[in-house]
Amino acid sequence: MTSRLSSPRLWPLYAVNFFMADMQSGIGPFVDVFLQERGWATGLIGTALTIGNVAGMLVTTPIGGFIDSSRNKRLWVVIPGICVVLASAIILISQNFWAVTFSQVAQSLASAAIVPAVTGISLGIAKQKGFNALNGRNQAFNHAGNMVGAALSGYLGFKFGYVWVFVLAAVFGTIAIACVLMIPAKAIDDRQARGGKEDESKNPPDAMSVLLKHKPLLVLALALAIFHLGNAAIVPLYGLAAVAQGQANGPSFVATTVVIAQGVMVVTSLVAMQVAGKRNYWPVILVSFMFLPIRGVLAFFVTGWWGVVPMQVLDGIGTGLQTVAVPGMVARSLDGTGRINLGQGAVITVQGVGASLSPALGGWIAQWIGYGPTFLLLGSFGLASMALWLVFGAHVKKY
């Protein structure tokens, strides 16, 4: 396995993970402040983002199924790259509500495809036995790419304006397309990429049976949905609160929050890989839930630059753990079904329900009662996820 992980064929994959940062988060962290500076209210900003997120949510599970059946896994990285370029171009051309919303739909389509696609490619190369180690390294490169991209975006936005933030996103998407095409198609085992059995003489389990009857998958998806209902809005609202109070420059503040979190995630993803290799993913995910309520309390008491470092370190730890543990647990629990990428898409879809509702929920509540109480409310969702994870531990602990 060591030789496989050091194989030259993996460097294009690592590069894809590095440059695909803008396919997952893209211009999202900067859109809020970009629109706020152009007179948009927080509720309208949240609504536009929510529509885009819902669109992505609806296609994520079908895309996972298509990736399972596809014999060209690389294509599902090329498509998101194109979507990122389109999203960046559209929002620059017009800040009309529907134009912005359409750009967020394109961004969400990219986010929907990229994770199951890279998961499938990684499984196809490393197989189930080597997936945990390869996934951990993938995530480290991905977070490093987010960190570098955010730093460059902050610098370009501060020096030259938001136009260059969106141009950078398009450049990253283009480079990711070129990198994935450098991975030899023959290096990807399609059966392993979908978690198929050695003997595939029988058809794989029915898709609906996997999605609706697989208890570990259901528990994981629901716990993540509750978590992201609170988590997704905290960082954007935290940036909006600071900028609204005149405590920070928009682009540089957003970039700093992202850089700190992603730097922590680089280390955390490697730690999660080691812990999961020695034990399993259940305790890793439990610990990740713990950091949301802590961040909610911290955000209530401290805003602006004083709270950036502790706030984002906690976010980096929690999210860094999940980026390794969630795809790893899905791949392990569905091994042998031939439906791993469908499962990945389903989990992303359900957690996306929470994440897509979060900006609108947080935005309107903050508009009504202020930022501070909203942070406490959003943080409380982490406690609910912890409770669910513990109550149904019997179904997920072995993974």
Side-chain angles (χ1 to χ4, degrees), residues 13-30 111 114-115 118-119 122 131-154 169 172 176 224 227-228 230-236 238-239 253-277 281 283-296 298-299 307-331 344 347-348 351-352 355 358 379 382 385:
L13 178 60
Y14 295 148
V16 169
N17 279 275
F18 184 91
F19 288 106
M20 79 181 203
D22 281 321
M23 295 190 199
Q24 291 177 277
S25 57
I27 54 181
F30 294 90
S111 299
I114 192 65
V115 173
V118 172
T119 296
S122 301
F131 178 69
N132 178 59
L134 181 55
N135 184 46
R137 296 186 184 188
N138 282 345
Q139 296 305 323
F141 276 95
N142 179 245
H143 297 314
N146 269 295
M147 183 171 61
V148 172
L152 288 173
S153 295
F172 267 44
L224 289 170
F227 175 84
H228 285 282
N231 187 69
I234 280 194
V235 170
Y238 195 73
F253 183 88
V254 174
T256 301
T257 61
V258 175
V259 167
I260 294 173
Q262 295 296 329
V264 174
M265 289 180 201
V266 172
V267 178
T268 306
S269 61
L270 296 174
V271 172
M273 174 188 75
Q274 294 294 331
V275 173
Y281 294 110
V284 176
I285 295 176
L286 176 64
V287 171
S288 76
F289 291 149
M290 296 179 181
F291 291 96
L292 179 55
I294 298 173
R295 291 171 61 221
L298 179 65
V308 170
V309 174
M311 184 80 170
Q312 294 306 98
V313 166
L314 293 174
D315 181 39
I317 296 173
T319 305
L321 294 174
Q322 286 188 12
T323 57
V324 172
V326 172
M329 182 174 173
V330 173
Q344 297 282 1
V347 168
I348 295 171
Q351 78 175 34
S358 186
S385 292

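Computed from heavy atoms alone, side chains included, the values below leave out hydrogens, waters and symmetry copies. Keep in mind that what you see is a predicted model, and the values were worked out from it rather than measured.
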Shortest non-hydrogen contact from N132 to M273? ND2-O, 3.0 Å
Please find the pair of heavy atoms, one from N135 and one from G328, that lie closest to each other, and give the distance. ND2-N, 4.3 Å
Under the side chain to side chain contact (heavy atoms under 4.5 Å, CB included) test, which residues partner L152, sequence neighbours left out? V148, L168
Tell me the closest heavy-atom pair linking G382 and P293, and the distance in Å. CA-CD, 3.9 Å
Taking all non-hydrogen atoms of both residues into account, name the closest pair between N138 and S122 and its distance. ND2-OG, 2.8 Å
For the atom pair CD1 (I114) and CD1 (I348), what is the distance rounded to the nearest 0.5 Å? 10.5 Å
Tell me if a side-chain donor or acceptor on T319 pairs with a main-chain N or O of G316 at a distance below 3.5 Å. no
Tell me, do L286 and M290 make a side-chain contact under 4.5 Å, heavy atoms counted? yes
Going by distance alone, is a donor N or O of one side chain under 3.5 Å from an acceptor N or O of the other, for N17 and R137? no
Keeping the roles fixed (side chain from T268, backbone from L321), state whether a donor-acceptor pair exists under 3.5 Å. no
Do V330 and T119 have side chains that approach each other closer than 4.5 Å (heavy atoms only, starting at C-beta)? no
Nearest heavy-atom approach of A272 to V284 is CB-CG1, 4.2 Å
For the student: nearest non-hydrogen atoms of I234 and G379, plus distance: CD1-N, 4.4 Å
For side chain to side chain contact (heavy atoms under 4.5 Å, CB included), just list the numbers for N231 and D315, CA-CA rounded to whole Å, side-chain angles, deciding distance to a tenth of an Å, and then say yes or no. CA-CA 9 Å; N231 187 69; D315 181 39; 4.1 Å; yes
Atom CG of L292 and atom OG of S385: how far apart are they, to the nearest 0.5 Å? 7.5 Å
Partners meeting side chain to side chain donor-acceptor pair (under 3.5 Å) with T323 (sequence neighbours left out): H143
Listed by chain and number, what are the side chain to side chain contact (heavy atoms under 4.5 Å, CB included) partners of Q322, not counting sequence neighbours? L224, F227, H228, S288, F289, V326
Is a donor on one side and an acceptor on the other found under 3.5 Å between the side chain of Q139 and the backbone of G320? no
